[in-house]
Amino acid sequence: MGFTVSLLIGGLAYTDPSQFERVTTAVLIASVLASAAAIVVFRRRVRLRARPD
């Protein structure tokens, strides 16, 4: 939902096609980075929980 809203707001804020392209690229890069960070955090959490006490 946040991804779609970000693209919507970017489209409304920047009417120039070149600026909108930059906004779209930035949103896509941010989404990929957030996904990668979540993968790292969740894998680490699974490893910590799987350790025997």
Side-chain angles (χ1 to χ4, degrees):
M1 182 168 154
F3 172 78
T4 306
V5 172
S6 296
L7 290 176
L8 173 67
I9 291 172
L12 294 174
Y14 299 102
T15 55
D16 181 32
S18 66
Q19 288 179 332
F20 179 65
E21 186 176 324
R22 288 183 192 156
V23 169
T24 303
T25 303
V27 169
L28 289 172
I29 290 170
S31 295
V32 169
L33 291 175
S35 297
I39 289 170
V40 169
V41 168
F42 287 136
R43 284 188 178 177
R44 180 178 169 149
R45 183 176 172 139
V46 166
R47 277 192 221 132
L48 288 175
R49 287 182 161 230
R51 278 193 314 189
D53 289 334

* To do: Please round to the nearest 0.5 Å and tell me the distance separating atom CG of Leu33 and atom CG of Leu28.
  => 11.0 Å
* **Within 6.0 angstrom of Phe20 CZ, more than 12 heavy atoms from elsewhere** => yes
* To do: Please say whether more than 12 non-hydrogen atoms of neighbouring residues, nucleotides or ligands are located less than 6.0 Å from CD in Gln19.
  => yes
* Structure fact -> Correct closest heavy-atom pair for Val23 and Gly10 would be CG1-CA, 3.7 Å
